[in-house]
Amino acid sequence: MSSTLGSARIFYSVDEFPEPVATAVKGEVPAWLSGSLMRTGPGKFEVGKEAYRYWFDGLGIVYKFNIKDGNVTYQSRYLETEAYREAMKAQRIVLSEYGTMAYPDPCKNIFARFFSYFLPPSMSDNDLVNTFPMSDEFYCVNETYRWTKLDPRTLDTVGQIDLTKYIAVNAMTAHPHHELDGTVYNMGSSYSYTTGCQYNIVRFSPLDRQKCGPDATVLENASIVATIPASHSYSASYYHSFGMTPNYFVFIEQPLYMNIPKILLAKIQDVGVTECFDWYADLPCRFVVVRRKDGEIVSTKFIADSFFCFHHINTYEEDGHLVLDLCCFEDAKIIKALYLWHLRRPDEEKSFPSPQCRRYCLPLTLAEDEEVNNNTVKLSYTTATACLQQDRSLYCQPEYLTQIERGFELPTVNYTKFNGKPYRYFYGTGLAGAFTDTMFKMDLKTKKLLMWREKHCYGSELIFVPSPDGVEEDDGVLLATVINVRDDKGAFLLVLDGKTFTELGRAEVPAHVGVGYGLHGCYVPEAKPGEILGKF
């Protein structure tokens, strides 16, 4: 494939390379970097004579850049999920995915094939969205209750997980929050005839391996710490991430709702799950604030004009307010823009909705004599407002943090030290007609924007790794996988200076080694002797 394809080239299948492949390092990779950049993403878009339709449908592959003493190796491996194993065995798509519906086995008799059209699509375990450690275990996830357990050293799949055996949820986000003591929080939806749809905040307490033994799992420590009733009992809102501070959780119920009848008829109508959500532009977004100490929902109702959000940038508390920074789309059209027929078009023939970086402020206390229509935000550094309504709800309007032509997505911060806290810098990729062809650093204090861009190159989500002796928030490096679509070029691991946002070095993968576009991932420090994983 030539560079004339532009960004379309990154949406084709790649081979796996289970054994480490040496890279050619140009520039300098800091000697203190010792660990692995792990990513997951779609890797195989065809099975036999059938093809997946949607970007997030491709069979999941896990990538690993291992960094030590300034040298870098690369390896990759397909996740041995049920979706992968059954597809390879049957040489057809067996489990339905986000945008692709699986059809009945042609070997079944006519009656079995007929009735299978009236069954809801089976839940896939194609865990290609994110990968992260929990205690000394490592998981790859999508947005369902089916996870894949991974050996991060060899990339071997070591087990399939059904979360419903540990916790009563039917789906869970791919973006948990991690605390320094090893506690992990996530959100999952549940559905039942008695309670309707609910959103649950789940805590996974850290596992003490010495006390629990080798057969125990951190999943056994799962517990629901708060439950949020859905606004509509029989229709759940879609969400991809949530906010967390030292004292609060923040959930956004946005007006993209699952249509249960559409899901039940999806096979007959030959549509994927992505077609089974309805967008209600006239409904507001609802910010739900939950106290961490007791799991109670803060009584104040916070609403905003409709928007769609995949990713929270950061959330923090300041002077009696919660401050939420988000990557927001005007609506949910981005979901339809991720079909492969669109992504594989030439750059000049496709476009994407432009996500904006917005700041919303939620005052946590209201004076009893507060007048209607007053702006209750008291923070001097933001133009975000929260005006009191007749029903005592707060109507929130945002501050727009960036003014750039390219949209801003896949955000990251110095998570280890500044997640849930007041912060100054965030990083991300530009989303435009040429997909993610630019990477940015944003200074929230000065509003200065730094940029990295190179012709024919498309960068993934950035991961911030703090310097071990760093003092400032941006002391560290940023790691990204970059795919160069120019003829006879391959991909490379890019290392950017966290402060200047200039290139320190790159580790180029041989051109014959296919590297796909990873969605999300993490950096895992090298483990000490006798440990399974280093501290996350």
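The structure presented is a predicted model; accordingly, all values stated were derived computationally and were not measured.
Side-chain contact annotation: E46 with S13, donor-acceptor N/O pair under 3.5 Å present. Judged purely by distance below 3.5 Å, without hydrogens or angles, the side chains of T481 and Y517 never pair a donor atom with an acceptor atom. A donor-acceptor contact under 3.5 angstrom links the side chains of Y238 and E143, judged on distance only. No hydrogens or angles considered: nothing links the side chains of T23 and E508 as a donor-acceptor pair under 3.5 Å. Residues S467 and D475 have side chains that never bring a donor and an acceptor to within less than 3.5 angstrom of each other. With hydrogens and angles left out, the side-chain atoms of Y381 and E318 include a donor and acceptor closer than 3.5 Å. Using modelled atom types, one finds a donor on one side chain and an acceptor on the other under 3.5 Å when comparing T144 with N142. Judged purely by distance below 3.5 Å, without hydrogens or angles, the side chains of S34 and E526 pair a donor atom with an acceptor atom. A side-chain donor-acceptor contact under 3.5 Å links K350 and S7. Side-chain contact, T81 with N126: no donor N or O sits under 3.5 Å from an acceptor N or O. Residues T429 and E409 have side chains that never bring a donor and an acceptor to within less than 3.5 angstrom of each other. Between the side chains of T173 and N186, at least one donor N or O sits under 3.5 Å from an acceptor N or O. No side-chain donor-acceptor contact under 3.5 Å links S76 and E16. Remark: the S189 side chain and the Y239 side chain contain an N/O donor-acceptor pair separated by less than 3.5 Å. Remark: the Y415 side chain and the H177 side chain contain an N/O donor-acceptor pair separated by less than 3.5 Å. Under the 3.5 Å distance criterion, with hydrogens and angles disregarded, a donor-acceptor pair is assigned to the side chains of T148 and D127.
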*Can F408 and F426 be said to form a ring pair (Phe, Tyr, Trp, His ring centres under 6.0 Å), step by step?*
CA-CA 11 Å; F408 202 111; F426 67 90; 5.1 Å; yes
*Show the numbers, then the answer: is there a side-chain contact (heavy atoms from CB on, under 4.5 Å) between L449 and K441?*
CA-CA 6 Å; L449 198 68; K441 174 186 178 180; over 6 Å; no
*asked:* I'd like to know whether F65 forms a ring pair (Phe, Tyr, Trp, His ring centres under 6.0 Å) with Y74, so could you lay out the CA-CA distance, the side-chain angles of the two residues, the decisive distance to 0.1 Å, and finally the verdict.
replied: CA-CA 5 Å; F65 283 95; Y74 169 81; 5.0 Å; yes
*Before giving the answer on side-chain contact (heavy atoms from CB on, under 4.5 Å), spell out for L324 and R359 the whole-Å C-alpha distance, their side-chain angles and the decisive distance to 0.1 Å.*
CA-CA 6 Å; L324 283 75; R359 169 167 288 173; over 6 Å; no
*What do the steps show when you test L444 against D325 for side-chain contact (heavy atoms from CB on, under 4.5 Å), and what is the final call?*
CA-CA 11 Å; L444 290 168; D325 293 343; 4.1 Å; yes
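Checked against the 6.0 Å centroid criterion, the rings of F287 and Y360 qualify as a close aromatic pair. Between F138 and F132, the gap from one ring centroid to the other reaches at least 6.0 Å. Centroid-to-centroid, the aromatic rings of F251 and F242 stay 6.0 Å apart or farther. Ring-centre distance between H520 and H175: below the 6.0 Å cut-off. Aromatic rings of Y339 and W55 (six-membered ring for Trp) have centroids beyond the 6.0 Å cut-off, not under it.
Remark: R209 engages E137 in a salt bridge, criterion side-chain N to carboxylate O under 4.0 Å. Salt-bridge check for E503 with R453: failed, with every basic side-chain N at 4.0 Å or more from each acidic carboxylate O. Salt-bridge annotation for E275 and K336: present, with a side-chain N of the basic residue lying under 4.0 Å from a carboxylate O of the acidic one. A salt bridge does not link R344 with E349: none of the charged nitrogens is closer than 4.0 Å to a carboxylate oxygen. At a threshold of 4.0 Å, the pair D437-K455 does not count as salt-bridged, since none of the basic side-chain nitrogens sits closer than that to a carboxylate oxygen. With salt bridges taken as basic N to acidic carboxylate O contacts below 4.0 Å, one links E82 and R146.
Between F17 and H512, the angle of the ring planes goes over 60°, which puts this pair in the perpendicular group of the 30/60° scheme. The aromatic rings of F435 and F11 stand perpendicular to each other, their planes meeting at an angle above 60°, with 30° marking the opposite boundary.
Scanning both residues, N130 and G521, for their nearest heavy atoms gives OD1-N, 3.3 Å.
Cation-pi geometry between R506 and F492 is met: under 6.0 angstrom from the ring centre, within 45 degrees of the axis.
Formation of a donor-acceptor pair under 3.5 Å by the D151 side chain with backbone atoms of R153 is found in this model. For Q356 (side chain) and C327 (main-chain N/O), no donor-acceptor pair under 3.5 Å exists by modelled atom type. No donor-acceptor pair closer than 3.5 Å links the side chain of D474 to the backbone N or O of Y425. The backbone N or O of G43 lies less than 3.5 Å from no partner atom in the side chain of Y12, so there is not a single donor-acceptor pair. For E97 (side chain) and G58 (main-chain N/O), no donor-acceptor pair under 3.5 Å exists by modelled atom type. Side chain of D125 to backbone of A83: a donor-acceptor contact under 3.5 angstrom is found. In this structure a side-chain-to-backbone donor-acceptor pair under 3.5 Å is present from R39 to E461.
Rounding to the nearest 0.5 Å places NE2 of H342 at 11.5 Å from OH of Y54.
L478 places none of its side-chain heavy atoms less than 4.5 Å from the side chain of I463.
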